[in-house]
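To start, the structure under review is shown below, and the notes come after it.
Scope of the values below: all heavy atoms of this structure, side chains included, with no hydrogens, waters or symmetry mates. Naming: A, B, ... by sequence-line order, numbering from 1 per chain. Note that this is a predicted model, so its numbers are computed, not measured.
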Amino acid sequence: MAYWLMKSEPNVNSYDDVVARGVPEEWHSVRNYTARNNMKAMQLGDEAFFYHSNIGKEIVGIIKVVALAHPDSTAEPNENGKIVWECVDVLPVKKLPKPVTLETIKRTPELADMALVRLSRLSVSPVTDAEWKLICKMGGL
DNA sequence: GCCAACGTTGGC
DNA sequence: GCCAACGTTGGC
């Protein structure tokens, strides 16, 4: 069981939007190979932090992987007729009672080296067990 | 709105 | 295969 962090712009798809729909949904529109590869490495039941980029800049909840990587329904085939972009399907698990902000993460020595901080443009990144546990605790879980 | 970081593209 | 130019992401 591995842990991840997935970014979304809350004005496009917020955690509350996902909860309100209440059905599994594709984590579509990722167009970066590293992020895609991270999704291909995900297993059923893996959990991920849901991070609001641009607005809020904080981890607001937890989602889980309910379908392994499959072709992204929003992707166009390339010149060889292949769809290279894939995504997993996710469901919300629970909201963090206290969102953990990027600022807090940067100020916390144990978290300052997270992929979220080091690779700020990567929209799907790995989270270590230690980072996961600490953020859950800081988030009030 | 600016800019740093980084990925992609295309000329050579 | 290198590198300059350009585009995008996302924090500030």
Side-chain angles (χ1 to χ4, degrees), chain A residues 1-44 46-141:
Chain A
M1 167 107 157
Y3 297 113
W4 310 90
L5 181 144
M6 302 171 89
K7 293 185 193 175
S8 183
E9 296 180 37
N11 56 333
V12 176
N13 193 26
S14 72
Y15 192 73
D16 287 341
D17 292 339
V18 178
V19 170
R21 286 191 294 272
V23 292
E25 62 184 74
E26 279 193 319
W27 200 263
H28 58 65
S29 304
V30 170
R31 297 293 182 268
N32 170 282
Y33 286 104
T34 305
R36 183 207 64 179
N37 290 344
N38 285 334
M39 285 198 284
K40 288 179 85 161
M42 291 179 185
Q43 299 295 317
L44 291 178
D46 278 5
E47 293 186 318
F49 287 129
F50 192 108
Y51 175 80
H52 280 173
S53 61
N54 294 316
I55 302 166
K57 283 169 280 181
E58 58 191 3
I59 294 170
V60 294
I62 293 172
I63 51 178
K64 68 176 174 187
V65 176
V66 295
L68 297 176
H70 57 82
D72 181 334
S73 67
T74 69
E76 297 292 331
N78 65 10
E79 61 279 5
N80 298 319
K82 279 202 158 185
I83 292 177
V84 299
W85 302 117
E86 299 188 26
C87 60
V88 296
D89 291 358
V90 301
L91 259 182
V93 175
K94 64 180 99 171
K95 210 167 170 166
L96 291 195
K98 284 171 49 191
V100 178
T101 66
L102 179 63
E103 193 196 349
T104 301
I105 289 168
K106 285 184 167 175
R107 275 195 281 108
T108 305
E110 299 93 319
L111 301 176
D113 199 37
M114 282 183 72
L116 172 70
V117 177
R118 280 188 299 109
L119 307 169
S120 65
R121 288 183 51 199
L122 184 59
S123 63
V124 180
S125 59
V127 173
T128 67
D129 288 7
E131 290 162 352
W132 182 270
K133 282 194 191 123
L134 182 54
I135 290 170
C136 284
K137 195 172 153 197
M138 291 164 69
L141 291 178

Quick one: [X] [atom1] to [N] [atom2], roughly how many Å, whole number?
X: A:Leu102; N: C:dC12; atom1: CG; atom2: C1'; result: 11 Å
X: A:Leu5; N: C:dG10; atom1: CG; atom2: P; result: 11 Å
X: A:Leu122; N: B:dT8; atom1: CG; atom2: C1'; result: 16 Å
X: A:Met114; N: C:dG11; atom1: CE; atom2: C1'; result: 16 Å
X: A:Lys7; N: B:dA5; atom1: NZ; atom2: C1'; result: 11 Å
X: A:Arg36; N: B:dG7; atom1: CZ; atom2: P; result: 14 Å
X: A:Asn38; N: B:dG7; atom1: CG; atom2: P; result: 12 Å
X: A:Glu58; N: C:dG11; atom1: CD; atom2: P; result: 12 Å

*Compare the minimum distances between each of B:dG7, C:dG10, B:dC6 and the side chain of A:Leu119, then state the nucleotide with the smallest one.*
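That would be B:dC6.
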
_A:Trp4 and A:Tyr51 aromatic centres sub-6.0 Å_ =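 They do not qualify: ring centres at least 6.0 Å apart.
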
*Apply side chain to side chain donor-acceptor pair (under 3.5 Å) to A:Thr34 and A:Asn37, showing your working.*
CA-CA 5 Å; A:Thr34 305; A:Asn37 290 344; 5.7 Å; no

_Phosphate contact (B:dC6 OP1 or OP2) by A:Tyr33 side-chain N/O below 4.0 Å_ =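 Looking at the OP1 and OP2 atoms of B:dC6, neither is under 4.0 Å from any side-chain N or O of A:Tyr33.
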
*Output yes when at least one side-chain N/O atom of A:Lys57 is less than 4.0 Å from OP1 or OP2 of C:dG10, else no.*
no

*asked:* Ring-plane angle category for A:Phe50 and A:Tyr15, please: parallel below 30°, perpendicular beyond 60°, tilted otherwise.
replied: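 A:Phe50 vs A:Tyr15 ring planes: perpendicular.
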
*Is A:Asp113 salt-bridged to A:Arg118, cutoff N-O under 4.0 Å?*
yes

